[in-house]
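On a predicted model such as this, the values are computed, not experimentally measured, just so you know. First listed ligand is number 1; within each ligand, the first listed atom is number 1. Nothing fancy with the numbering, it's 1 onward along the sequence.
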Amino acid sequence: MTAVACALCGRGMKKRFRVREFEIVRCDRCDLERVAEMPSDEALAQLYASGYFAGGGHGYEDYFGRERAIADEKARVRMDALERAGLSAGARVLEVGCADGRFLLEAARRGHRVCGVEWSREAREAAVEPVRSKLVAEMAAVEGTFDVFAAFDVIEHWREPESALARVRERLRAGALVAVVVPVIDNANARWWPRSWDQYKPPEHLWFYSRKSIGAMIEKTLDAEVLSIECAWRRPSRVINVALARRGLLARAEAAVWTALGAARWMDPARLEDSALLLARVRSQR
Ligand SMILES: [Zn+2]
């Protein structure tokens, strides 16, 4: 296999470790990691076929049921963050990989005009109005230009993020806001014991960003300036909870230790983060 070139700097990426049949490679300079050999169209179609959102083995257990309250709470937090960043009233909001559109529903409730792209027919059909009629299956079917681009837990699934984001860029107005959530490898598990981090899960996740490399990817592909990167998801413990998938007393005790380390500033708080919310603004001068 020829060396994979880093999407950010073009240098050869080096091997880091393997997850089953997938070699994970990284660029130390850019802090960017990816699967070396991307899965085929057929493999991905099979992965996201019926059941992805409903306990079909990959993905989510009950996304349209029990997990919906979690999605709604995340939607409120993310809309609040966009409003703090200066979202204008009546904005046109584009979300790519919107699942059943709970974020778009929250945006519509707050008076924004929404459009969603979702590959899964199962997910589109689970959406409710006024969102359901605003969903399309692919980027090529999107019309018009937008004031907001949102993608939550989505970009890391894309085989070719650069070209996909370039297509998104064509739809964004100057000054548009960008809100992206990705798992980040800044945490202790990913850094120190990568096999112990459950977000290294190819072929679902194909790219592994840090706070630094997701910022660079968004700046480069969307011609945007990063405004902020904040914690989107922090789990209370690392080794026992995340690596051994054990909860209960031992995990709580471990959580207390990590929390104390963070509070005492003996450790970078990012070492406890599983996922980050990045906000950016598309540059006005092109
Ligand atoms: Zn690089």
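In the hydrophobic clustering (ILVMFWY side chains linked at under 4.5 Å, chained through shared members), Val114 is joined by Met79, Leu82, Leu87, Val93, Phe103, Leu104, Leu105, Val128, Val131, Leu135, Val148, Phe152, Leu177, Val181, Leu227, Leu277, Leu279.
Taking the ring centroids of Tyr200 and Phe17, they lie under the 6.0 Å cut-off.
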* Kindly indicate, with the supporting measurements, whether the criterion side-chain contact (heavy atoms from CB on, under 4.5 Å) is fulfilled by Leu8 and Cys27. => CA-CA 9 Å; Leu8 294 172; Cys27 174; over 6 Å; no
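Screening Arg16, Arg34, Arg18 against Glu23 for a side-chain hydrogen bond (donor to acceptor under 3.5 Å, both in side chains) leaves a single residue, Arg18.
Counting non-hydrogen atoms of neighbouring residues, nucleotides and ligands closer than 6.0 angstrom, the CZ atom of Arg29 reaches no more than 12 such neighbours.
Near the Zn ion (ligand 1), less than 2.8 Å away, sit the protein N, O or S atoms Cys6 SG, Cys9 SG, Cys27 SG, Cys30 SG.
Val154 and Ala151 make their closest contact through CB-CB, 4.3 Å (heavy atoms, listed as atom of the first residue, atom of the second, distance).
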